[in-house]
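The structure that follows is given in the form of structure tokens.
In what follows, chains carry the letters A, B, and so on, assigned in the order in which the sequence lines appear, proteins first and then strands, with residues in each chain numbered from 1.
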Amino acid sequence: MYFAYEWQSGQAMSAILLAIRNLPFAFFMKNSSFVSRFNSAKLFLVLVLTTCLGLSISAQAQDLKGSAEAGKAKVWLCSGCHAIADYRADYPLVYHVPKIGGQSAAYIASSLLAYKKGERKHPTMRAISASLSDQDMADIGEYYAAQNKSSPINPMK
Amino acid sequence: MKFIAISILFLASAGLAFAADIEAGKKLAAERNCATCHGPDYYSSIAPTYPRLAGQHEDYLYYALRSYQVETNANYGRKNAVMGSQAKGLTDKQMRNLAAYLASLPGPLVVKK
């Protein structure tokens, strides 16, 4: 799926720029100790690779152009858990379901895709994401990314 | 009376022993270079596909870290190259400390319909 997408030179360029941006950090860490030197070298490599992958995913999502307005009508399933303050889920490991208002749009879309593909196993989220198209995921991502402390309550809840 | 005093003391010390250590979490986050991807403030991630962490629920952050450790678990597993290698070296206590630190930071996350 990722590889079907054709890279444009601009996106390749920003991947390289991001990698270069992290270079001083890797060298800075080099001086501290053996352990962190090993970690930062490894992390740097992984970073370059995943930044490229991440950009290709986000570029793909951008291709779809998510719409917060369209997302408004698609979040009714999400709000059953994620809109309830203090809502907790799962047993035996009980935890608050994550806050997703104000989260990054591309992260929400890529997480939903990870549930759909089975890379993330949470049964409820897998069941919900199975019913979503790539366009739905992009719209839901944009909708939640647009939320903040003063944004109005969704009238289509 | 003595019994009550002793049990209160015992319960209080047990509470202290299990409380997550925000300072230790801060130190660990720096050691593990979390900010390289998630941003120095833990919400300005370097790529849009990386999540904002600052101010997220503490117990969820702990759950998420754990899920990368048990990546094939049918209920909790998460498979991710970067987070898998980052989380697998952590002890339970370290994950709790990290979660407490990240949850204590100010960030843009909200609960909204």
Requested in this report: Among A85(A), G102(A), S104(A), single out the residue with the greatest number of heavy-atom pairs under 4.5 Å to chain B.
Outcome: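 Most heavy-atom pairs within the cutoff with chain B belong to S104(A).
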Query raised in the report: Given that the side chain runs from C-beta out, which part of H82(A) has a heavy atom under 4.5 Å from chain B: side chain, backbone, both or neither?
Result: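 Only the backbone of H82(A) comes within 4.5 Å of chain B.
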**Report entry** Contacting region of I108(A) [heavy-atom separation from chain B under 4.5 Å]
**Finding:**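 Contact with chain B: none, neither part.
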Query - Contact origin within Y43(B) toward chain A - heavy atom pairs under 4.5 Å - result: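 Looking at Y43(B), nothing touches chain A.
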Report task. Could you tell me which portion of E71(B) (side chain, backbone, both or neither) has an atom closer than 4.5 angstrom to a non-hydrogen atom of chain A? Result ->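 Only the backbone of E71(B) comes within 4.5 Å of chain A.
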**Report entry** chain A contact via N73(B) - which portion, at a heavy-atom distance below 4.5 Å
**Finding:**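 Contact with chain A: backbone only.
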Query raised in the report: Between the main-chain N or O of D136(A) and the side-chain N or O of S133(A), is there a donor-acceptor pair closer than 3.5 Å?
Result: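 Here the side-chain-to-backbone pair exists.
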Query raised in the report: So do L90(B) and L28(B) actually touch side chain to side chain, heavy atoms under 4.5 Å?
Result: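 Yes, side chains in contact.
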Query raised in the report: Is the backbone of T36(B) close enough, under 3.5 Å, to the side chain of N33(B) for a donor and an acceptor to pair up by distance?
Result: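 Absent.
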Query raised in the report: Quick one: of G77(B), S67(B), G55(B), who has the most non-hydrogen atom pairs under 4.5 Å with chain A?
Result: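 Greatest number of close heavy-atom pairs with chain A: G77(B).
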Query raised in the report: Linking I/L/V/M/F/W/Y whenever any side-chain heavy atoms sit under 4.5 Å apart, do M137(A) and M125(A) land together?
Result: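 Linked, M137(A) and M125(A) end up in one cluster.
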**Report entry** ILVMFWY cluster, L61(B) and M83(B) together (side-chain gap under 4.5 Å)
**Finding:**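 Cluster IDs for L61(B) and M83(B) differ.
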Query raised in the report: Can you tell which of C78(A), P123(A), P152(A), P98(A) has the highest number of heavy-atom pairs within less than 4.5 Å of chain B?
Result: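 Ranked by contacts with chain B, first place is P98(A).
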Query raised in the report: Does R120(A) use its side chain to pair, donor to acceptor, with the backbone of S111(A) at less than 3.5 Å?
Result: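 Side chain of R120(A) to backbone of S111(A): no pair is present.
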Query - Option that, when pairs with chain B are counted at under 4.5 Å, heavy atom only, ranks first among G141(A), A83(A), A89(A), A145(A) - result: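 Greatest number of close heavy-atom pairs with chain B: A83(A).
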**Report entry** Any donor-acceptor pair under 3.5 Å from K112(B) side chain to S151(A) backbone
**Finding:**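 Side chain of K112(B) to backbone of S151(A), a donor-acceptor pair under 3.5 Å: yes, one is there.
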Requested in this report: Output the option from Y107(A), Y143(A), Y115(A), Y87(A) having the highest count of non-hydrogen pairs under 4.5 Å with chain B.
Outcome: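 Highest number of heavy-atom pairs under 4.5 Å: Y107(A).
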**Report entry** Toward chain B, the part of T124(A) with a non-hydrogen atom under 4.5 Å
**Finding:**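 Neither part, no heavy atoms under 4.5 Å.
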Query raised in the report: Given a strict heavy-atom distance threshold of 4.5 Å, which part of T72(B) is in contact with chain A: side chain, backbone, both, or neither?
Result: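 Contact with chain A involves the backbone of T72(B) alone.
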Query raised in the report: If you count heavy-atom pairs under 4.5 Å between each of E58(B), K79(B), R66(B) and chain A, which one has the most?
Result: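 Ranked by heavy-atom pairs under 4.5 Å with chain A, first place is K79(B).
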Query raised in the report: Would you find a donor on one side and an acceptor on the other, under 3.5 Å apart, between the side chain of Q147(A) and the backbone of V111(B)?
Result: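 Not at all, since once roles are kept as given, no pair shorter than 3.5 Å links the two residues.
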Query raised in the report: Highest number of heavy-atom pairs under 4.5 Å with chain B: which of R88(A), K149(A), Q103(A)?
Result: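 Highest number of pairs under 4.5 Å: Q103(A).
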Query raised in the report: Can you find a heavy atom in the side chain of Y62(B) that is under 4.5 Å from one in the side chain of L93(A)?
Result: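 Answer yes - side chains close enough.
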